[in-house]
> 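Dropping the structure in here first, questions after.
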Amino acid sequence: MADETSRYMKSGKDSCSEDYRYDYIKQAAPSFYDSFKDLNGYQKEAVVNEDRILLLNAGVGSGKTTVLVHKVLYLYNIKKVNLSEMLVLTFTNKAAEEIKQRVISSDGGNISLDDLKYFGTFHSVAKALLSTVLPVESLGYSKDFSILDENGERELLERIIAERGLNIKYKNNIEKRLDEFRQGKRLYGAMKHEDELEELIQIYQDEKIKRNVMDFDDLIDCCSELDRYGYFKPSWIIIDEFQDTDSSQLEMVDGLMGDGTSVFAVGDPNQTIYSWRGSRQDIFKVFKERYDAVEKTLPVNYRSTSTILKAAKAFLDDPTKLESKRGKGAAIIIKKHFNSFNEALYLSNKIKKLHLEDGIPYNEIGILYRKQKHSKVFEDVFKHESIPYEVSLKKDFKDIPPLYWFVRLIKASVNIKDYESAVYALSDKKYGIGITPKQAFECIRCGDTSLKLVKKILGFNSWLSDIDDVEGLDKKIYDYFDIDSYLCPTSIDFDEDRDFILKFIKGLVEYIKTNKIRPADGIKAAMTSAMLYGRQVIEQIVNPKADSVKLMTLHASKGLEFKYVFISGANLGVMPLGGKFDDDEEKRLFFVGITRAKDYLEISYHSNPDDFGALPNPSPYIGMIPDDLIVSDDIKSRARKLSELRREIKDKIEVKKEVVCKQKVSHPKYGEGYVIDEDDDTITVQFEGYGEKSFAKVFCPLKPVD
DNA sequence: CAACACATATTTTTT
DNA sequence: ATATGTGTTG
């Protein structure tokens with residue numbers, strides 16, 4: 001570690017001896033300087049940088065958020081930039097929340113949450129601008145527009161197609177088709193001629209305006225379109241995780257930029273793992289060229305041991321931009337398990353030992369895998385072994401049926417033109433009133449109030465407009481709809497369902513209280529907010545944080561760190577998924593996984609994988625880690641180069657094809673078959689009618705025939 | 001109408 | 001590798 005530090009000092013970037021350069025900060029804002037002085041040279045430079053458009057290439061674990069927070073505080077304290085003239089844009093609510101909390105807590109009580117008006121996700125900031133400073137009326141909307149979620153979008157599209165009898169091909173992939181249409185692709189799949197997609201899109205846009213609803217894309221698009229006229233030009237636009245920016249978000253930034261606007265964009269191109277969702281890999285290059293931006297680098301990683309960081313560097317095109325500050329630490333362990341169940345047993349023992357003998361808190365242990373379903377076996381075993389765990393799942397109110405039903409009911413009630421939500425609420429098989437979607441649509445459209453729930457939906461706004469008192473409003477709303485009567489009291493889930501809905505309404509009322517709006521307008525605004533904060537809403541309702549082992553996909557692990565990281569199931573066919581060797585994104589995903597580890601990294605693969613598509617070989621990525629960094633069960637099965645491995649697999653497949661059936665065997669369940677492959681631990685047999693099956697020799701139930 | 005040709009999804013997930 | 005949805009050919 002000593003030599004690393006001295007090399008770093010010699011580079012002249014560290015400022016211990018040059019602190020006088022920042023004396024003006026010490027003078028002007030002593031308390032800010034107190035935390036500023038602890039930043040490294042690169043970080044300090046990024047914070048005080050004067051370039052109008054700065055692109056900060058923040059390496060993994062280099063203190064990206066710290067720099068971003070200090071930049072905000074520097075602008076506020078030293079440059080006297082008003083907080084309401086700063087746009088801080090993130091991709092997730094979680095990231096926005098973290099930044100806001102850190103800004104507030106780092107500034108010793110001067111800044112409150114209300115000051116951070118335009119700190120949030122691209123979508124929530126767009127929403128805030130659209131419902132305040134931007135004239136949405138010129139697009140045909142009114143300020144109290146509501147938000148159409150994916151289900152609502154699909155339902156509306158289906159209704160238009162059915163009502164107009166439009167000829168639309170590949171209806172099941174309609175979202176994908178709309179997406180491609182925006183990029184100029186009119187044909188899809190085997191199509192030779194255009195269908196009526198353009199008409200559908202036109203009608204869909206008109207229909208959204210008529211109903212005063214925007215989908216998630218509209219928020220971004222309307223914001224950039226309107227702001228090109230110059231209604232709101234912030235002094236600063238600060239963008240987090242810039243590598244995840246997609247084209248329309250870039251346009252939104254472009255629309256908001258005025259002559260006096262500076263931009264500070266922070267991101268790591270090596271952590272681009274969402275390009276399949278629209279972010280473009282060349283965004284740094286595009287941005288630099290378009291705005292003549294200055295690019296700086298944050299290269300110092302404080303998180304991982306130098307061993308782990310060296311391994312990570314093997315996955316980068318330019319490893320020189322990453323410097324380690326920590327000691328060597330433990331070797332990386334490569335482990336071969338028979339299958340995922342065996343690994344889960346092994347891990348539960350290992351984790352118990354770590355926790356009980358070494359005193360490692362459970363939440364310093366992360367288990368990472370490629371697919372959501374890989375969590376199942378760990379959940380089962382950990383439950384049985386009483387190891388506390390938490391699976392990070394994509395969950396919002398859509399995933400809780402009674403809650404989503406209620407959300408749609410309220411959406412329909414606050415916006416009676418939201419027919420799809422009314423239809424959903426009324427015709428839901430479990431919580432609805434037992435009518436078909438068609439009947440429901442007729443009732444709502446004709447204002448047929450003979451049905452109780454229809455009457456309640458249509459009368460909600462006028463009922464609410466007579467109420468001024470927020471106190472006890474949650475109970476009043478619950479009783480107004482008589483929610484109990486729709487929740488089937490005999491159901492075992494009754495209490496839980498009721499609780500979810502009550503908590504959700506409480507959240508809505510809380511929103512009205514803090515924003516001091518009249519209930520009639522407040523519910524609308526609160527619902528819009530809830531749609532933009534889906535996951536956060538659920539987190540407040542559902543799970544309390546506990547000391548538990550964290551299970552998650554590699555994707556979900558981005559931005560997190562653990563002392564102990566176990567990457568599970570690094571098999572050929574899984575990492576990279578489907579053997580896509582040329583897909584750099586899979587490589588970056590593996591890089592993200594490795595770099596989550598602070599002290600200890602273990603990577604496993606399965607000799608008898610139970611996952612469909614997984615081959616019994618280790619992932620080629622394991623072979624890319626330099627040998628001197630790892631301790632492995634079986635070095636010899638590792639291939640050193642991708643090309644070598646590719647040839648090896650090809651050879652193996654060819655050998656398999658030509659295989660002469662050596663040994664006839666019998667199995668209690670599958671009957672008779674022939675051995676087609678065999679290695680140290682496993683044996684593969686071809687059965688008539690069952691196909692290929694592999695068995696561990698240890699548990700082998702096979703008996704030779706002849 | 002059967003048979004084939006061709007394209008695409010499968011995995012990852014936020015608002 | 002497999003399934004699905006198109007479109008074309010015989």
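Labels below follow one simple rule: chain letters A, B, ... track the order of the sequence lines, proteins then strands, and each chain is numbered from 1.
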> Which nucleotide in the list dT15(B), dT12(B), dG5(C) gets nearest to the side chain of T553(A)?
dT12(B)
> Touch check for L532(A), heavy atoms < 4.0 angstrom, all strands: base, sugar-phosphate only, or nothing?
sugar-phosphate
> Under 4.0 Å between any heavy atoms, over every strand shown, what does E150(A) touch: base, sugar-phosphate, or nothing? Just pick one.
base
> CD/E207(A) to OH/Y204(A) distance, rounded to the nearest 0.5 angstrom?
10.5 Å
> Let me know which of Y419(A), Y404(A), W405(A), F406(A) forms a ring pair (Phe, Tyr, Trp, His ring centres under 6.0 Å) with Y424(A).
Y404(A)
> With a 4.0 Å limit, can you tell me whether R535(A) has a side-chain N or O closer than that to the phosphate oxygens OP1/OP2 of dT14(B)?
yes
> Applying a 4.0 Å non-hydrogen cut-off, can you work out what Y188(A) is touching in the nucleic acid: base, sugar-phosphate, or nothing?
sugar-phosphate
> Among dT12(B), dA9(B), dT8(C), which is the nearest nucleotide to the side chain of K176(A)?
dA9(B)
> Round to the nearest Å and state the distance from L197(A) atom CG to dT6(C) atom C1'.
15 Å
> Would you say K558(A) places a side-chain N or O within less than 4.0 Å of OP1 or OP2 belonging to dT13(B)?
no
> Is D217(A) touching bases, backbone alone, or none of the nucleic acid, heavy atoms closer than 4.0 Å?
nothing
> Which distance, rounded to the nearest 0.5 Å, do you find between the CG of D217(A) and the NE2 of H123(A)?
6.5 Å
> Show, in sequence, the C-alpha distance, side-chain angles and deciding distance for F91(A) and F242(A), and conclude whether the ring-ring contact (aromatic ring centres under 6.0 Å, His included) test is met.
CA-CA 9 Å; F91(A) 289 87; F242(A) 187 63; 8.5 Å; no
> Using the six-membered base ring of dT14(B), report whether Y274(A) stacks on it, requiring centroids under 5.5 Å and planes under 30° apart.
no
> For H193(A) and for N172(A), find the nucleotide of DNA chain C with the closest heavy atom, then tell me which residue's nucleotide is more 5'.
N172(A)
> State whether Q372(A) places a side-chain N or O below 4.0 Å from either non-bridging phosphate oxygen (OP1 or OP2) of dT13(B).
yes
> Under 3.5 Å for both pairing distances: what stems, at least three Watson-Crick or G-U pairs long, include DNA chain C?
B:1-10 with C:1-10
> Within this structure, what is the CD1-to-C1' distance between I567(A) and dT12(B), rounded to whole angstrom?
15 Å
> Is Q249(A) reaching over with its side chain to a backbone N or O of D246(A), donor-acceptor style, under 3.5 angstrom?
yes
> Nearest whole Å is fine: how far is dT11(B) P from K371(A) NZ?
7 Å
> Please report the distance, rounded to the nearest Å, between CZ in R177(A) and C1' in dT4(C).
15 Å
> So what does F91(A) touch, heavy atoms closer than 4.0 Å: a base, only the sugar-phosphate, or nothing?
sugar-phosphate
> Can you tell me how far P of dT12(B) sits from CZ of F591(A), to the nearest Å?
22 Å
> What integer distance in Å separates R277(A):CZ from dT11(B):P?
16 Å
> Go through dT8(B), dT15(B), dT13(B) for me and flag the one nearest to the T92(A) side chain.
dT15(B)
> For dT13(B) versus dT2(C), give the span between their C1' atoms, rounded off to a whole number of Å.
24 Å
> Which distance, rounded to the nearest 0.5 Å, do you find between the CD of E420(A) and the CG of L157(A)?
9.5 Å
> Less than 4.5 Å apart, any side-chain heavy atom of M86(A) and any of Y118(A)?
no
> How many Å lie between CZ on F122(A) and C1' on dT14(B), as a whole number?
12 Å
> Using atom CD of E241(A) as one end and atom C1' of dT13(B) as the other, report the distance to the nearest whole Å.
14 Å
> Hey, does M257(A) have a side-chain heavy atom less than 4.5 Å from the side chain of M252(A)?
no
> Give one of base, sugar-phosphate or nothing for N93(A), where a contact means two heavy atoms less than 4.0 Å apart.
sugar-phosphate
> Does K208(A) make a cation-pi contact with F145(A) (under 6.0 Å, within 45 degrees of the axis)?
no
> Both E586(A) and H123(A) contact DNA chain B. Which one's nearest nucleotide lies toward the 5' end?
E586(A)
> Let me know, please, whether H555(A) or Q536(A) comes out on the 5' side of the other along DNA chain B by nearest nucleotide.
H555(A)
